[in-house]
Amino acid sequence: MKGVGQRQVRRIAGGVAEPATDDDVVVEEPLEIRAAGETLAITMRTPGHDRELAVGFLFAEGVIASRDDVGRVAHCGRPDLEGYGNTIDVVPGPGAAFEVAGGR
């Protein structure tokens with residue numbers, strides 16, 4: 001499952017250590033959000049639903065006004081490289097242009 005990893009844990013019950021077992025833990029990784037190739041932010045997130053997170057971030061920041069402003073949302077890089085999936089680029093749709101305040 002995306003966003004979940006396994007780690008060995010040892011539980012203590014009544015002062016007695018139980019044998020080590022695998023347990024599910026939430027994974028947190030950075031996500032670089034780009035608008036038309038320009039880096040706007042790097043945030044920490046649980047992997048999964050990155051497209052929705054990136055578009056929602058751009059909407060909240062006033063970079064886009066609606067989903068009609070969005071043409072393509074895609075992870076950057078090659079899938080065989082370490083860190084693939086930790087950078088996502090949002091490209092404007094036809095006739096749209098992104099207004100990035102402050103020249104970030």
Side-chain angles (χ1 to χ4, degrees):
M1 177 189 297
K2 228 179 190 183
V4 177
Q6 287 205 331
R7 299 290 185 271
Q8 282 236 327
V9 298
R10 184 175 301 264
R11 291 183 172 80
I12 310 288
V16 177
E18 298 176 1
T21 59
D22 287 338
D23 198 7
D24 292 335
V25 295
V26 174
V27 175
E28 188 175 61
E29 294 181 0
L31 178 66
E32 178 182 343
I33 300 173
R34 296 179 183 172
E38 182 178 342
T39 299
L40 295 184
I42 298 175
T43 187
M44 296 301 287
R45 86 329 182 173
T46 298
H49 302 287
D50 292 343
R51 288 172 174 78
E52 293 86 348
L53 175 63
V55 171
F57 177 85
L58 295 182
F59 180 76
E61 291 293 309
V63 176
I64 62 172
S66 75
R67 66 176 152 198
D68 295 333
D69 293 340
V70 178
R72 179 178 55 85
V73 182
H75 283 100
C76 301
R78 293 188 355 222
D80 60 329
L81 295 178
E82 183 179 344
Y84 174 76
N86 287 341
T87 302
I88 196 161
D89 193 23
V90 182
V91 176
F98 292 157
E99 293 296 325
V100 181
R104 293 185 236 185

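Computed from a prediction, not measured in an experiment: that's the story for all the values here.
Defined by atom type and a distance below 3.5 Å, a donor-acceptor pair is missing between the side-chain atoms of Asp23 and Gln6.
Closest non-hydrogen pair, Ala36 versus Asp89, comes out as N-OD1, 3.3 Å. For the pair Phe57 and Ala41, the tightest heavy-atom approach, listed with the atom from each and the gap, is CZ-CB, 3.5 Å. Val55 and Val73 make their closest contact through CG2-CG2, 3.8 Å (heavy atoms, listed as atom of the first residue, atom of the second, distance). Considering all non-hydrogen atoms of both residues, Ala65 and Phe59 come closest at O-CE1, 3.2 Å. Smallest separation of non-hydrogen atoms from Leu58 and Ala35: CD2-CB, 4.3 Å. Here the closest heavy-atom approach between residue Pro19 and residue Arg10 is recorded as CA-NH1, 4.2 Å.
The CG atom of Leu81 lies 12.0 Å from the CG atom of Asn86; values are rounded to the nearest 0.5 Å. Of the inter-residue distances, the one linking Glu28 atom CD with Thr43 atom OG1 reads 8.5 Å to the nearest 0.5 angstrom. Rounding to the nearest 0.5 angstrom, the gap separating the CG atom in Leu31 from the CG atom in Asp50 is 5.0 Å. One distance of note links OG1 of Thr21 with CZ of Arg7; it measures 14.0 Å at 0.5 Å rounding.
Taken together through direct or relayed side-chain contacts under 4.5 Å among Ile, Leu, Val, Met, Phe, Trp and Tyr, Val27 and Leu53 form parts of separate hydrophobic clusters.
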For Gln8 and Asp22, what are the C-alpha separation, side-chain angles and deciding distance, and is it a side chain to side chain contact (heavy atoms under 4.5 Å, CB included)? CA-CA 4 Å; Gln8 282 236 327; Asp22 287 338; 3.5 Å; yes
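Using a distance-only test at 3.5 Å, with no hydrogens or angles considered, a donor-acceptor pair links the side chain of Arg45 to the main chain of Pro30.
When side chains are defined from C-beta on, Thr87 does not count as touching His75, because their heavy atoms never get closer than 4.5 Å. Residues Met44 and Glu29 are not in side-chain contact: their nearest non-hydrogen atoms beyond the backbone lie 4.5 Å or more apart. By the 4.5 Å heavy-atom criterion applied to side chains, Val90 and Phe98 are counted as neighbours.
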